[in-house]
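Note that these values count all heavy atoms, side chains included, but never hydrogens, waters or copies made by symmetry.
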2 protein chains.
Amino acid sequence: MTTMKEISALAGVSVSTVSLVLNNRDSGRVNTQTAEHIRALAHQLGYKPNQMARSLRTSRTHILGFLSDEVATTPYAGAMISGAQDAASQYGYVIMTVSTDNEAQERHEIAALERYGVDGFFLAKMSNRHSRVPENLSEYPVVLVNSTYDYSSAKKTSIAGVPRYTGIAPDEKRIGYDATKRLIDAGCTRIAYIGCHEPMIAETLRFEGYQDALKDARIEYDSNLCIQVGNNTPALQAVHSLIDKHHPDGFFCFNDARAWYVYDCAARLGQEIGRDIHIVGVDNHRVLAETLSPQLTTIELPHYEMGYWAACKLISMIEEKDTQDFEIPDTTAPLPSLDNDGDVFIQCALIEKESV
Amino acid sequence: MTTMKEISALAGVSVSTVSLVLNNRDSGRVNTQTAEHIRALAHQLGYKPNQMARSLRTSRTHILGFLSDEVATTPYAGAMISGAQDAASQYGYVIMTVSTDNEAQERHEIAALERYGVDGFFLAKMSNRHSRVPENLSEYPVVLVNSTYDYSSAKKTSIAGVPRYTGIAPDEKRIGYDATKRLIDAGCTRIAYIGCHEPMIAETLRFEGYQDALKDARIEYDSNLCIQVGNNTPALQAVHSLIDKHHPDGFFCFNDARAWYVYDCAARLGQEIGRDIHIVGVDNHRVLAETLSPQLTTIELPHYEMGYWAACKLISMIEEKDTQDFEIPDTTAPLPSLDNDGDVFIQCALIEKESV
DNA sequence: CTGTTAGCGCCTTCAG
DNA sequence: CTGAAGGCGCTAACAG
């Protein structure tokens with residue numbers, strides 16, 4: 001590792017001069033010739049600033065701590081981390097990931113990240129949930145990812161009018177609405193909802209969105225067409241008996257996995273998906289997208305995008321930078337403005353395939 | 001952030017004494033009374049060592065760089081990162097994750113990690129592949145995860161008899177063997193192989209394992225029962241026509257996703273899985289495990305375990321520590337000894353469910 | 001048993 | 001336009 005010292009020796013100038021030049025603070029302060037010489041040397045020796053030393057001096061590490069649960073077990077962790085990572089990388093930051101499946105571990109890992117002097121924290125959840133924020137994070141910039149702040153845990157909900165914590169999560173209600181609307185537009189009149197029997201924000205809101213869409217289309221809500229199911233055989237049987245008894249022509253499924261139950265029933269009954277019955281899922285889960293035949297029309301959960309947005313937001317908080325300075329890339333789901341604080345909801349894209 | 005300086009002031013001793021005590025190097029060097037006092041103060045003030053400062057001094061950061069491809073798009077990234085993370089955390093290390101989907105990005109991210117002075121690198125692949133190791137990593141301890149070293153890219157394959165790079169990957173051949181054996185034990189005599197049409201290490205070796213198992217059971221290999229398929233409708237049709245023409249009673253599927261095609265055909269044909277036909281997959285993919293009915297018997301790919309092993313190995317290389325000092329946890333797939341170098345293969349567990 | 005000294009690599013006044 | 005000096009927080013010789 002070449003240091004400024006070595007460069008300064010070779011260039012015959014002092015370390016301070018090298019520092020000025022290499023931090024681009026030399027305009028009008030250092031002779032252009034020497035500046036160029038220094039830059040050339042640095043490049044040629046493959047100089048890399050030592051972040052440790054710099055951080056020690058500036059008390060800014062450009063490290064972002066990514067706390068998240070269930071990293072090991074969900075397929076979504078990668079996308080969220082990757083989105084955060086890409087944005088971070090673009091603005092000169094780096095990410096330390098840490099998984100926190102219980103409170104003891106959480107404390108331990110937060111302490112580890114604090115030792116490294118991270119500039120801020122992501123708090124990511126693998127399923128959309130309200131989250132409390134650990135006490136000892138109150139001094140840091142924090143952004144919730146796939147999660148919103150649990151105000152019931154709050155002492156102050158806002159500071160000087162600005163919401164206490166900002167978080168980004170999918171617009172679940174709209175997911176339900178858009179999916180159902182798509183089925184209505186395809187001509188379905190008896191639309192089933194295959195929900196999830198665990199209590200979740202997503203379950204409640206998607207179901208509400210489903211009902212709203214029916215109402216707007218003046219289709220009467222029929223509770224017989226709605227079931228909440230778990231996994232495997234019991235779920236499959238429930239779907240089977242729903243179909244037997246009530247003959248829906250469209251299915252809005254809580255997620256892509258649950259859409260599989262409909263596929264299986266259709267195969268048994270000899271129904272053709274996309275013609276006899278129509279299906280919309282949620283997730284755009286890669287494995288299912290690559291597998292199911294006919295391909296599943298689904299609403300994509302923008303995990304990558306949420307990670308990306310959260311990183312931009314977090315960096316803007318750390319640097320107190322104008323949010324205009326961030327380039328928001330075009331993604332399948334359009335990213336919200338960074339000016340938002342508090343609960344931010346991201347619209348999810350409907351991916352047209354063959355099941356509608 | 002309280003510093004050693006502050007503690008030393010309060011305790012009325014010098015910073016060095018505090019340093020000694022808080023690093024547990026005080027036995028027989030510092031008065032037990034003062035040592036206790038210092039510890040008490042540190043605890044009470046919530047002292048946290050500043051890793052940056054420490055690293056600057058020791059040139060050890062206890063940061064591990066995790067380079068990996070396709071983090072965003074595969075469901076396995078989380079498990080590998082999480083395994084590495086858990087082991088790292090146990091030995092006082094922390095992980096910086098970085099995704100590298102092209103060479104330019106890879107160089108950029110490696111440079112970023114080098115600035116932070118990472119102590120070593122993971123090189124993770126989302127599908128088992130031979131990997132070259134970037135030139136500029138040659139000075140670092142490196143462990144490949146879900147990957148083995150591409151010796152064709154090497155100048156020296158070993159140094160003083162020790163293989164150049166060590167990597168851990170699933171024992172693919174054994175996967176094919178064990179899966180097929182399981183079907184044979186269940187009484188299947190016409191066992192189909194539903195493979196993958198992309199050229200991959202896993203495809204080649206699992207197929208070999210399949211053939212070996214047949215041979216050991218004196219079942220004649222029939223190429224009519226073996227197909228290599230891609231995704232979606234074409235794959236489904238290929239499986240369908242295989243069943244139509246050759247009536248297999250057992251299916252070894254390259255992965256769980258491909259097992260779905262068999263499920264779909266069985267549903268159409270009214271065959272009962274686990275009785276009329278038997279299926280073994282590979283992946284133990286969570287979404288499919290939670291969904292398919294009857295549940296799929298499958299061989300689990302030990303991503304978490306590979307991450308865990310790789311972290312232990314990497315740390316042992318960094319610290320030149322005796323491999324005996326590492327506690328290897330009990331996992332579904334038994335972890336290999338850390339004494340191995342070069343290509344290390346991990347045996348994968350067969351998860352008994354209902355499809356056999 | 002404890003303190004002094006020096007320095008890791010870098011940045012930032014402040015003098016020249 | 002440039003250099004010297006000081007210090008971020010911590011560790012490690014070496015002296016006392």
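- Remark: the S19(A) side chain and the S16(A) side chain contain no N/O donor-acceptor pair separated by less than 3.5 Å.
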Donor-acceptor contacts under 3.5 Å from residues 130-137 of chain B side chains, at least two apart:
unit_1: H130(B); atom_1: ND1; unit_2: T148(B); atom_2: OG1; d: 2.9
unit_1: S131(B); atom_1: OG; unit_2: S147(B); atom_2: OG; d: 2.5

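- Formation of a donor-acceptor pair under 3.5 Å by the S55(B) side chain with backbone atoms of Q51(B) is found in this model.
- Extent of DNA chain C lying under 4.0 Å from chain B heavy atoms, first and last nucleotide in 5' to 3' order, is dC1(C) to dG9(C).
- DNA chain C lies under 4.0 Å from at least one heavy atom of each of the following residues of residues 46-53 of chain A: Y47(A), P49(A), N50(A), A53(A).
- The CE-P distance, from M4(B) to dG9(D), rounds to 12 Å in whole Å.
- Between Q85(B) and E109(A) the shortest side-chain heavy-atom distance falls below 4.5 Å.
- Contact record, I315(B) with F326(B): CG2-CZ, 3.8 Å, taken as the closest heavy-atom pair.
- The distance between the ring centers of F121(A) and F66(A) does not fall below 6.0 angstrom.
- Of all non-hydrogen atoms in M52(B) and T61(A), the two that sit nearest each other are CE-CG2, 3.8 Å.
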Acceptor/donor pairs from residues 3-11 of chain B side chains to any protein atom, 3.5 angstrom cut, sequence neighbours excluded:
unit_1: T3(B); atom_1: OG1; unit_2: K5(B); atom_2: N; d: 3.3
unit_1: T3(B); atom_1: OG1; unit_2: E6(B); atom_2: N; d: 3.3
unit_1: S8(B); atom_1: OG; unit_2: K5(B); atom_2: O; d: 2.6

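- Summarising the geometry, the separation between NE2 on H62(B) and P on dC10(D) is reported as 15 Å, rounded to the nearest angstrom.
- In the helix from dC1(C)-dG16(D) to dG16(C)-dC1(D), the terminal helix axes, each the rotation mapping four pairs' C1' atoms onto the next four within five end pairs, subtend 50°, rounded to 10°.
- Under the side-chain contact (heavy atoms from CB on, under 4.5 Å) rule, V21(B) has a single partner from N31(B), I38(B), T34(B), which is I38(B).
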B/S/- contact track for nucleotides 1-6 of chain D, protein heavy atom under 4.0 Å: BBBBBB
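- Between A310(A) and F122(A), the closest heavy-atom pair is C-CE2, 3.6 Å.
- When all heavy atoms of E327(A) and Y91(A) are compared, the pair lying nearest together is N-OH, 3.0 Å.
- Taking every heavy atom of both residues into account, S99(A) and S82(B) meet most closely at OG-OG, 3.8 Å.
- Residue contacts for S19(B): at a heavy-atom cut-off of 4.0 Å it reaches a base atom on one of the strands shown.
- At a cut-off of 3.5 Å, with distance as the only test, no side-chain donor of T100(B) or D69(B) sits close to an acceptor on the other residue.
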